[in-house]
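Taking it in order: structure first as structure tokens, then the write-up.
Atoms considered below: every heavy atom in the structure, side chains included; atoms not considered: hydrogens, waters and symmetry mates.
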Amino acid sequence: MKLDTAQNNRKYDSFAATYDDWDTEHRSVAKQRQALLRPLRGKILEVAVGTGLDLPYYCNRADVTACDVSLGMLNRASARLSGLTDHRIKLVKMDAHELLFMDDTFDAVVGTFLFCSVENPGKVAREIKRVIKPGGQFVTLGYHHDKVLQIL
């Protein structure tokens with residue numbers, strides 16, 4: 001199955017400017033974000049960073065690469081990142097279905113509300129597994145109905 005990246009880009013670009021308002025109203029999970037992200041160390045990949053709502057919660061000693069398929073979302077994340085001068089975070093445009101990293105690259109991979117926003121969750125999960133170092137971890141927040149789930 002060929003993914004329509006251009007269509008996906010347009011979808012997320014179209015609501016990048018209002019996404020934070022929607023997220024705050026529907027999923028206020030700041031405490032969960034902090035509890036999951038602050039302890040992470042080493043080389044970290046955040047897949048589908050969106051507008052960068054997770055960025056303030058990383059330890060400033062972590063080396064974070066955050067990617068998203070949507071330039072509109074990345075522009076919002078970049079604006080948020082400009083206020084975090086003590087963090088080492090790099091933003092890149094990249095599709096979660098085809099991560100352009102070598103195998104076993106990251107100590108941890110983060111995907112906040114990731115699997116509800118990608119076209120092929122199985123393919124994304126395989127890509128995440130491929131880029132995590134042996135013994136590394138995948139950290140995610142997800143939701144099921146009105147409950148927020150934390151998975152380490």
Side-chain angles (χ1 to χ4, degrees), residues 3 5 8-9 12-13 16 19-144 146-152:
L3 300 174
T5 302
N8 220 20
N9 289 354
Y12 287 101
D13 285 348
Y19 180 82
D20 290 356
D21 294 334
W22 177 86
D23 186 84
T24 300
E25 181 180 338
H26 292 89
R27 298 194 295 228
S28 183
V29 292
K31 287 180 184 178
Q32 291 94 336
R33 288 179 199 271
Q34 184 170 358
L36 288 173
L37 302 176
R38 187 73 67 199
L40 298 178
R41 300 289 186 271
K43 194 168 182 177
I44 301 166
L45 172 65
E46 181 168 343
V47 180
V49 67
T51 62
L53 290 169
D54 288 343
L55 300 180
Y57 300 105
Y58 287 106
C59 169
N60 61 4
R61 291 182 301 275
D63 178 13
V64 180
T65 300
C67 67
D68 202 283
V69 71
S70 165
L71 191 54
M73 291 289 196
L74 286 170
N75 287 337
R76 302 283 296 193
S78 180
R80 178 168 276 115
L81 188 57
S82 69
L84 301 174
T85 57
D86 61 340
H87 284 66
R88 294 183 304 176
I89 300 172
K90 176 175 63 170
L91 300 173
V92 294
K93 187 174 188 310
M94 189 179 304
D95 190 331
H97 297 88
E98 296 177 31
L99 297 174
L100 304 176
F101 301 105
M102 300 292 291
D103 294 0
D104 307 329
T105 298
F106 296 95
D107 299 297
V109 176
V110 174
T112 304
F113 302 105
L114 169 64
F115 293 113
C116 60
S117 63
V118 295
E119 190 170 329
N120 187 333
K123 183 169 182 163
V124 172
R126 287 188 294 279
E127 280 293 280
I128 289 169
K129 182 178 179 184
R130 180 182 66 76
V131 302
I132 294 176
K133 292 177 182 178
Q137 68 183 131
F138 173 58
V139 177
T140 188
L141 281 176
Y143 62 90
H144 178 45
D146 291 332
K147 297 178 183 173
V148 175
L149 307 174
Q150 298 179 24
I151 302 171
L152 298 176

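- At least one donor-acceptor pair under 3.5 Å links the side chain of Arg130 to the backbone N or O of Leu99.
- Across Val47 and Ala96, no two heavy atoms sit closer than the pair CG1-CB, 3.3 Å.
- To the nearest 0.5 Å, the span separating CG on Leu81 from OG1 on Thr51 amounts to 12.0 Å.
- Shown here for Ala108 and Leu40, the closest heavy-atom pair between the two residues is CB-CD2, 4.1 Å.
- Here SG of Cys59 is found 9.5 Å from CG of Asp86. Values are rounded to the nearest 0.5 Å.
- A heavy-atom distance below 4.5 Å is not found between the side chains of Val64 and His87.
- The shortest non-hydrogen separation linking Ile128 to Phe115 is CD1-CZ, 4.3 Å.
- Taken to the nearest 0.5 Å, the NZ atom of Lys43 stands 8.5 Å off from the CG atom of Asp107.
- Shown here for Arg33 and Phe113, the closest heavy-atom pair between the two residues is NH2-CE1, 4.2 Å.
- Once rounded to the nearest 0.5 Å, the distance linking OH of Tyr57 with CZ of Arg38 reads 8.5 Å.
- Annotation: side chain of Val49 is in contact with side chain of Leu74 (closest heavy-atom distance under 4.5 Å).
- Within the 4.5 Å cutoff, no side-chain heavy atoms of Thr105 are placed close to those of Leu45.
- For the atom pair CG of Asp103 and NZ of Lys129, the computed distance is 11.5 Å after rounding to the nearest 0.5 Å.
- Each of Arg76, Glu46, Met73 was compared with Asp68 under the side chain to side chain contact (heavy atoms under 4.5 Å, CB included) criterion, and only Met73 meets it.
- Although no hydrogens or angles enter the test, the distance criterion places a donor-acceptor pair under 3.5 Å between the side chain of Thr140 and the main chain of Gly111.
- Rounded to the nearest 0.5 angstrom, Asp95 CG and Glu127 CD are separated by 9.0 Å.
- Contact detail for Leu114 and Ala48: the closest heavy-atom pair is CD1-CB, 3.6 Å.
- Taking both residues in full, the closest heavy atoms of Leu53 and Arg80 are given as CD2-NH2, 3.5 Å, listed atom of the first, atom of the second, then distance.
- No donor-acceptor distance shorter than 3.5 angstrom exists from the side chain of His97 to the backbone of Lys123, with no hydrogens or angles considered.
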Please step through side chain to side chain contact (heavy atoms under 4.5 Å, CB included) for the pair Leu84 and Leu55, ending with a clear verdict.
CA-CA 8 Å; Leu84 301 174; Leu55 300 180; 3.8 Å; yes

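- The shortest distance between side-chain heavy atoms of Ile44 and Phe106 does not fall below 4.5 Å.
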